[in-house]
Engineer: 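First the structure, which I've put down as structure tokens, then a few questions once you've had a look.
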Amino acid sequence: MKVCSLMILLCLIVLLSLSSSPLLEAEFIYYVHVPPSSTMSSFDEMVNGTRKTIIPPPNTALLDVIGLNDDTHVKIWDLNKGELLYFLTLDEGEVKSVFITCNSSVKVVSDKRVLVYASGGEQYPNLGTTCIYPSAEGGFRGREFLILPATIPDPLLAEGSMSYNLLIMSLNDSSFELEDLNGSKLDQGSIMRYGMKGYRLWCRVRHGCRDRGIGSSQLFRLRSSYDVLLFSLGTDGFIVAPALSGGFVGNLFFIPVCAGVMTPKSTPMIVIVPAKACDVVILSRELKILGTKKFSEEDVLNSAYWVYRPKELDEPLIIKSSGNITVLVGSAYGSESPEYLGDDIAFMGIRAGEEAGFFAPTAAILFAREDTDVLLDNRSMRLEADKPLMIGGGVHYLKANKSVIIEILGASAGWRSWGAYVPSFNDIEISYQLPKGFAIKETWFKPWMIILIVIAIIAAIFILIKTGVIGRIFSRGP
């Protein structure tokens, strides 16, 4: 009897430890470090069609979790303390918002795919936030998106320059429909390959400020007939551009010319870091060459990178490379140096066995969901599960035997306004076929024309033979 009681007690202890462990197995895992931001101001948002005022607690930032499926269960853990902060249940199209202490790291664990959006800073509703929207299917390109819009900059601060919190960029000729979740269709139309179309959607605003976008819902849905990329353009923010083949390391990219809204003292820039020696070219949407760069092996050994400062501010750009690169896109306030990109955070990741170079304006944080062997700047080390590793700014090189999420930090003015959608490991591990013919300049001469020419020549010879012309030519004497 004592042995039986002891066994029952041991089973209960094991079950309790599993239910409280932050290492709980799950299908979808997200990590985010909340930077040491200033306290958020009170803001208004739309809840069930009614404008509602939110007063954030001191020294906190906002974490939104958006359901994509009914009966989704989510746990949010404090990695610093190993404590369970929140347990959430969501249905499709439902948003639950929680506050996270600044300068702390959290892990979000979900049994079904969700969208996770982190934002904060005292100027958060005023300056807007820059981000890439993940698709409902996973990854950062797709045909269906559920959107909690990033904030739009105050028109007085942004001076009316490209202040869109929804920028559609199409990889092929495509039709699309945009609606809010109250059922109102906001627009439908078509967009050509390499095309770009912007919208200002209803979003959170500082308490008492007027509305800045269309719609009357907290969430919006976009459907398209072909794959598109969606962005938001805040003030002096940045993103790490997703590769069109999937993940963030690749050789073909399609980007907005600057990720941040331009103010008079802003400098747009693109920072490209190679993993190995390669040739890089930047193209306009008409496939005109705007810039080229050749990286040698010596450049890579010296941690070289290319800062390209675009002059065309209303056009998307295409970046092609002969080898794997990463692309950081944004703008810096009051400086032409990439170290001053931001305020913002952005995310990228590397897959198992993938090698990448990347640039961090201020710092970067590495996250692993399981113990991982990494080669970081030619130093071998073990990255432990749920143990964030912060590294300094500048160029870094990383290779790992398992996937790693990287958060890029830029603290130009102390994180007054920042925000980003947080990818899961599944997001960075999804692969896509490259769009057929994308960034390949078409010529008037087609391969099938050769067949037609050959057929025409054969037909002409046949006609000449039938009419006796060939015979008369060869029968002539000297």
Engineer: Name the orientation class of the two ring planes belonging to H73 and F87 (parallel below 30°, tilted from 30 to 60°, perpendicular beyond 60°).
Structural biologist: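 It falls in the parallel class, under 30°.
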Engineer: For F238 and D344, which heavy atoms make the closest approach, and how far apart are they?
Structural biologist: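 Looking at all heavy atoms of both residues, the closest pair is N-OD2, 3.0 Å.
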Engineer: Does the side chain of Y86 come within less than 4.5 Å of K96's, by heavy atoms?
Structural biologist: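 No - every pair of side-chain heavy atoms lies 4.5 Å or more apart.
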Engineer: Does M381, at its CE atom, have more than 12 non-hydrogen atoms belonging to other residues, nucleotides or ligands within less than 6.0 Å?
Structural biologist: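 Result for CE/M381: enclosed.
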Engineer: Of all the heavy-atom pairs spanning P316 and F254, show the shortest one and how long it is.
Structural biologist: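 Taking every non-hydrogen atom into account, CB-CE1, 3.6 Å.
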Engineer: So, do N80 and S105 sit near enough that their side-chain heavy atoms are less than 4.5 Å apart?
Structural biologist: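 With C-beta onward as the side chain, the pair touches.
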Engineer: Under the ring-ring contact (aromatic ring centres under 6.0 Å, His included) test, which residues partner F347, sequence neighbours left out?
Structural biologist: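 So F347 forms no ring-ring contact (aromatic ring centres under 6.0 Å, His included) with any residue.
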Engineer: Identify whether the distance between the nearest side-chain nitrogen and carboxylate oxygen of E45 and R204 falls below 4.0 Å.
Structural biologist: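 Yes, this pair counts.
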Engineer: L366 versus V374: any side-chain heavy-atom pair under 4.5 Å?
Structural biologist: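 Side-chain contact under 4.5 Å: no.
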Engineer: Restricting to non-hydrogen atoms, name the atom on I100 and the atom on V34 that form the minimum distance, rounded to 0.1 Å.
Structural biologist: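 Closest heavy-atom pair between I100 and V34: CG2-CG2, 3.7 Å.
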Engineer: Shortest non-hydrogen contact from S42 to P56?
Structural biologist: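 Minimum heavy-atom separation between S42 and P56: CA-CD, 3.9 Å.
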Engineer: Please list, chain by chain and in numerical order, all residues satisfying ring-ring contact (aromatic ring centres under 6.0 Å, His included) with F367, sequence neighbours excluded.
Structural biologist: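 ring-ring contact (aromatic ring centres under 6.0 Å, His included) list for F367, sorted by chain: Y31.
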Engineer: Are the side chains of W202 and D211 in touch, meaning some heavy atoms are under 4.5 Å apart?
Structural biologist: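 They are in side-chain contact.
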Engineer: Do the charged groups of R382 and D373 touch, with an N to O distance under 4.0 Å?
Structural biologist: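 Looking at R382 and D373, the cut-off is met.
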Engineer: At their closest point, which heavy atom of S417 faces which heavy atom of T129, and how far apart are they?
Structural biologist: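 Looking at all heavy atoms of both residues, the closest pair is OG-CG2, 4.2 Å.
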Engineer: Might you work through the ring-ring contact (aromatic ring centres under 6.0 Å, His included) test for F295 and Y305, ending with a clear yes or no?
Structural biologist: CA-CA 8 Å; F295 287 103; Y305 57 92; 9.0 Å; no
Engineer: Is there a side-chain contact between R141 and P242 in this structure, where contact means two heavy atoms from C-beta onward sitting under 4.5 Å apart?
Structural biologist: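 No, side chains not in contact.
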Engineer: Would you please indicate if the ring centroids of Y226 and F176 are separated by under 6.0 Å?
Structural biologist: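 No, too far apart.
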Engineer: Look at atom OH of Y340 and say whether more than 12 heavy atoms of other residues, nucleotides or ligands are closer to it than 6.0 Å.
Structural biologist: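 No, not enclosed.
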Engineer: Can you find a side-chain donor-acceptor pair between E286 and S284 that sits under 3.5 Å?
Structural biologist: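 The answer is yes; a qualifying pair exists.
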Engineer: I want to check something: taking the side chain as every heavy atom from C-beta on, are L181 and Q218 in contact at a cut-off of under 4.5 Å?
Structural biologist: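 They are not in contact (no side-chain heavy atoms under 4.5 Å apart), so the answer is no.
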Engineer: Regarding E144 and R223, does a basic nitrogen lie under 4.0 Å from an acidic carboxylate oxygen?
Structural biologist: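 Looking at R223 together with E144, the answer is yes, because their closest N to O distance falls below 4.0 Å.
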Engineer: Does L166 reach the side chain of L178, with side-chain heavy atoms less than 4.5 Å apart?
Structural biologist: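 Yes, their side chains come closer than 4.5 Å.
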Engineer: So, K293 and D279, do they make that salt bridge, N to O below 4.0 Å?
Structural biologist: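 Answer for the salt bridge query: no.
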Engineer: Is any side-chain heavy atom of L398 closer than 4.5 Å to a side-chain heavy atom of V404?
Structural biologist: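 The answer is yes, as the side chains (C-beta and beyond) meet within the 4.5 Å cut-off.
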Engineer: Of the non-hydrogen atoms in I365 and P388, which two are nearest, and what is the gap between them?
Structural biologist: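 So the minimum-distance heavy-atom pair works out to CG2-CB, 3.7 Å.
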Engineer: Do other residues, nucleotides or ligands put more than 12 heavy atoms under 6.0 Å from the NZ atom of K276?
Structural biologist: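 Counting other residues, nucleotides and ligands, NZ of K276 stays at 12 neighbours or fewer.
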Engineer: Checking ring-ring contact (aromatic ring centres under 6.0 Å, His included) for the pair F248/F140: CA distance, chi angles, key distance, verdict?
Structural biologist: CA-CA 10 Å; F248 292 86; F140 290 92; 5.6 Å; yes
Engineer: Checking side chain to side chain contact (heavy atoms under 4.5 Å, CB included) against W306, which of I325, V273, I282, V327 comes through?
Structural biologist: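 Exactly one candidate clears the test, I282.
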Engineer: When you compare the side chains of T53 and D44, does any donor N or O come within less than 3.5 Å of an acceptor on the partner?
Structural biologist: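 Yes - a donor-acceptor pair under 3.5 Å links their side chains.
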Engineer: Could you check whether atom CD1 of I289 has more than 12 heavy atoms from other residues, nucleotides or ligands sitting under 6.0 Å from it?
Structural biologist: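 Open.
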Engineer: Please identify each residue that fulfils side chain to side chain contact (heavy atoms under 4.5 Å, CB included) with P149, with sequence neighbours left out.
Structural biologist: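 Counting only residues at least two positions away or on another chain, P149 forms a side chain to side chain contact (heavy atoms under 4.5 Å, CB included) with Y133, I147, N165, L201, C203, F220.
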Engineer: I'd like to know if K387 pairs up with D371 as an ion pair, taking the criterion as any Lys NZ or Arg NE/NH1/NH2 lying under 4.0 Å from an Asp or Glu carboxylate oxygen.
Structural biologist: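 Salt bridge flag = no for D371 with K387.
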Engineer: Just checking, K399 and Y397: is the charged tip under 6.0 Å from the six-membered ring centre and within 45° of the axis?
Structural biologist: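 Negative - K399 is either too far from the ring of Y397 or too far off its axis.
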Engineer: Using atom types as modelled and distance alone, determine if a side-chain donor or acceptor of T362 lies under 3.5 Å from a backbone N or O of A411.
Structural biologist: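 A pair under 3.5 Å: yes.
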Engineer: Among Q433, E137, R143, find the residue that satisfies the side chain to side chain contact (heavy atoms under 4.5 Å, CB included) test when tested with D227.
Structural biologist: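 Among Q433, E137, R143, the one that satisfies the side chain to side chain contact (heavy atoms under 4.5 Å, CB included) with D227 is R143.
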